[in-house]
Amino acid sequence: MSSRPPRISTHLIHHPYRAPSEFDATVPGVFKASSVFFPNVAALRQRRWDDKSAYTYGLHGTPTTFMLEERLATLEGARHVLLAPSGLSAITTVDIALLRQGDGVVLPDNVYGPSLNFVEQELARWGITHRLYDPMDAASLAAVLSPEVKLVWLEAPGSVTLEFPDLRALVRTVREKAPQAVVALDNTWGAGLAFAPFELGEGLGVDLTVHALTKYPSGGGDVLMGSIACRDPGLYQTLAWAHSRLGLGVGLNDVEAVLRALPSLELRYHAQDRAARRIAQWCGEQPQFARVLHPATPGSPGHEHWQSLCSSAAGLLTVELDPRFSAAQGDAFVDALKLFRIAWSWGGPVSLAVPYHASRMRRLPTPYRGTLVRLCIGLEAVDDLIADLAQAKDSALGAG
Ligand SMILES: *Cc1c(COP(=O)(O)O)cnc(C)c1O
């Protein structure tokens, strides 16, 4: 090239200025990229992404994703973490990575619904079979374990009905009856704070966890993201290669949002836990509610298992309306709420409510007859939330 100075568009793109690198502040810098530069062709050929020793392409990580992955690994006592575009995609990535034609997968009957839909609608087409077990009965799990089963899903507590299983008994059952199977836990509810899934005691731990970072880690109700965490390097390689071949990436602004929210994760989780306990207690005193499903509340299914494993609980509870109320009255109760908004998901600042009917959610028999209303407690003042529940209950269900 001649010594002529570059034209302005070229100059703006290839500007030689480099800011001093010692910048250090509360929030780490955000590194965004599809293309990542190599100094020469040899570096292009040599760099590896699978051990995270270098940067090769945005899909394979930037300093920002590596930082979130490390912090999430520390939170849960894992060694390796992968990020996925949603909690559900973290789940389906595990399924795809670990199962092949002829294999079986086993899920609790109260599993997060879309996880079961994936197994029933997609994996079945690929010759992968599934069985459901009653998570409150280890014998029911033992009964569905066979040599074909390569993956066992756990969830604590169950979706919507919040039964807390004896995780230790379930893991022990898999280790004894199906040592070939990987044990995977959807740990979204525990958020890495309620209990340590890789150390359930007596040499027992799950092999991997998935999280919907969408919930408590993001905390804002404005991010969709998931993660997969494990300890074993071989398992990590299997998961990382499948994850890479599926082409799963996350937006770097979203990663930044989660990094920004993580420092307050524990404070928010405990505040929402405290609020949910007060609301659960109040709900338990109302004659219109037949049952309060909330692991930290005595009498809730699996409360003793929660007690033996956990010190905290998330901000979720479900009330079963007395079966004398119709489904329409259940809907009217939710419609009458003013502070609680009607929406899926949870973990953000706004309290949310959704009505469910157990008969439409479960394959195995359930004891629930009345409308179930799942409440996720946000960060509003708890007395205002109780007042909101009281007015909605009185207007839709009558005073007694
Ligand atoms: C929300 C949720 C998911 C899915 O997360 P998305 O980010 O919404 O896909 C998976 N498991 C559990 C237990 C959840 O609550």
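When a ligand or atom number is given, it counts from 1 through the structure's own listing order. What's counted below: heavy atoms across the whole structure, side chains too, no hydrogens, waters or symmetry copies.
- Q237 and W241 are linked by a side-chain donor-acceptor pair at a separation below 3.5 angstrom, with hydrogens and angles left out of the test.
- In this structure, the side chain of Q288 engages the main chain of G398 through a donor-acceptor pair within 3.5 Å.
- Y236 and H80 have parallel rings, their planes meeting at less than 30° on a 0 to 90° scale where 60° marks the start of perpendicular.
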Write 'none' if nothing qualifies; otherwise put on separate lines each N/O atom of ligand 1 with a protein N/O atom under 3.5 Å away and their distance to 0.1 Å.
from     : atom 1 : to   : atom 2 : distance (Å)
ligand 1 : 7 (O)  : G87  : N      : 2.8
ligand 1 : 7 (O)  : T214 : OG1    : 2.5
ligand 1 : 9 (O)  : G87  : N      : 3.2
ligand 1 : 9 (O)  : L88  : N      : 2.8
ligand 1 : 11 (N) : D186 : OD2    : 2.6
ligand 1 : 15 (O) : K215 : NZ     : 2.5

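- Shown are E163, H294, R291; of these, the side chain to side chain contact (heavy atoms under 4.5 Å, CB included) with P301 is made only by E163.
- Taking the six-membered ring where the residue is Trp, W306 and H303 present parallel rings, their angle staying beneath 30° rather than reaching 60°.
- Both L132 and V182 are members of a single hydrophobic cluster when ILVMFWY side chains are connected at heavy-atom separations under 4.5 Å.
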